[in-house]
Asks: 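The structure's right below; bear with me while I get my questions together.
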Amino acid sequence: MFVVLQTYRIRGRYREEYLDTIRRVVEADLEIGCLSYQVLENADRKNEFTEVMTFDSWNHYERIRRSPASRAIEHFSDHMDDWIEGGADAVQTSYWTTAVE
């Protein structure tokens with residue numbers, strides 16, 4: 001199992017547009033083979049989100065990552081610098097593997 005976490009804070013004025021777009025991103029990634037994809041909001045910090053994407057393996061992640069981007073992903077990518085506090089550079093990404101099964 002391979003999990004990718006991405007955490008960032010959305011500027012409040014873009015919240016609804018972000019939520020509409022990320023819903024479409026999740027749908028698109030699940031359609032192309034992501035095992036699961038959750039978007040969580042920090043209960044203590046409104047507008048701070050963590051995306052949790054699960055794959056079979058690093059290779060599975062790489063295959064999906066190299067797939068042509070959906071229109072939703074392109075839309076999100078085009079607006080990251082506006083929507084995310086600190087822009088795309090502020091996204092914190094970490095990679096996790098299964099320690100115990």
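Quick note: residue numbers are just sequence positions, from 1. From a predicted model like this one, the values you see are computed outputs, not experimental measurements.
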Asks: Which atom names give the shortest non-hydrogen contact between Ser67 and Ile32, and what distance separates them?
Replies: CB-CD1, 4.1 Å
Asks: Rounded to the nearest 0.5 Å, what's the gap from CG on Asp56 to CD1 on Ile64? Could you check?
Replies: 8.0 Å
Asks: How about His75 and Asp78: do any of their side-chain heavy atoms sit closer than 4.5 Å?
Replies: no
Asks: Just say parallel, tilted or perpendicular for the rings of Phe55 and Phe2, cut-offs at 30° and 60°.
Replies: tilted
Asks: What I'd like to find out is whether the side chain of His79 reaches to under 4.5 Å of the side chain of Tyr14, using heavy atoms alone.
Replies: no
Asks: Leu5, Leu30: one ILVMFWY side-chain cluster at the under-4.5 Å cut-off?
Replies: no
Asks: Please list, chain by chain and in numerical order, all residues satisfying side chain to side chain contact (heavy atoms under 4.5 Å, CB included) with Thr93, sequence neighbours excluded.
Replies: Val4, Gln6, Val91, Tyr95
Asks: Go through it in stages, so that I can follow the logic: the residues are Trp83 and Glu17, the test is side chain to side chain contact (heavy atoms under 4.5 Å, CB included), and I'd like the CA-CA distance, side-chain angles, deciding distance and then a yes or no.
Replies: CA-CA 9 Å; Trp83 293 353; Glu17 187 176 2; 3.3 Å; yes
Asks: Minimum heavy-atom separation for Ile73 to Ala69, with atom names?
Replies: CG2-CB, 4.1 Å
Asks: Does the distance from a Lys or Arg side-chain N to an Asp or Glu carboxylate O, for Arg9 and Glu85, drop under 4.0 Å?
Replies: yes
Asks: List the atom of Ala72, the atom of Arg24, and the distance in Å for their closest heavy-atom pair.
Replies: CB-CB, 3.5 Å
Asks: Spell out, yes or no, whether Val3 and Met53 are grouped together once hydrophobic residues are joined by side-chain heavy atoms under 4.5 Å, including indirect joins.
Replies: no
Asks: What is the ring orientation for Tyr18 with Phe76, classed by angle as parallel under 30°, tilted 30 to 60°, or perpendicular over 60°?
Replies: tilted
Asks: Taking the side chain as C-beta and beyond, is there a heavy-atom pair between Leu19 and Thr21 under 4.5 Å?
Replies: no
Asks: Please answer: with hydrophobic residues joined when any side-chain heavy atoms are less than 4.5 Å apart, are Met1 and Tyr61 in the same cluster?
Replies: no
Asks: Using modelled atom types and a 3.5 Å cut-off, is there a donor and acceptor pairing between side-chain atoms of Arg11 and backbone atoms of Ile84?
Replies: yes
Asks: Tell me whether Arg23 is salt-bridged to Glu27, with the criterion being a basic N under 4.0 Å from an acidic carboxylate O.
Replies: no
Asks: Could you tell me if the side chain of Trp58 sits less than 4.5 Å from the side chain of Thr97, heavy atoms only?
Replies: no
Asks: Identify every side-chain donor-acceptor pair in residues 35-43 under 3.5 Å, counting partners at least two apart or on other chains, and give the distances.
Replies:
from  : atom 1 : to    : atom 2 : distance (Å)
Ser36 : OG     : Thr54 : OG1    : 3.0
Tyr37 : OH     : Glu51 : OE1    : 2.3
Glu41 : OE1    : Arg15 : NH2    : 3.0
Glu41 : OE2    : Arg15 : NH1    : 2.8
Glu41 : OE2    : Asn47 : N      : 2.8
Asn42 : OD1    : Asp44 : N      : 2.8
Asn42 : OD1    : Arg45 : N      : 3.3
Asn42 : ND2    : Glu48 : OE2    : 3.0

Asks: Donor-acceptor pair, distance only, cut-off 3.5 Å: does the side chain of Ser77 make one with the backbone of Glu74?
Replies: no
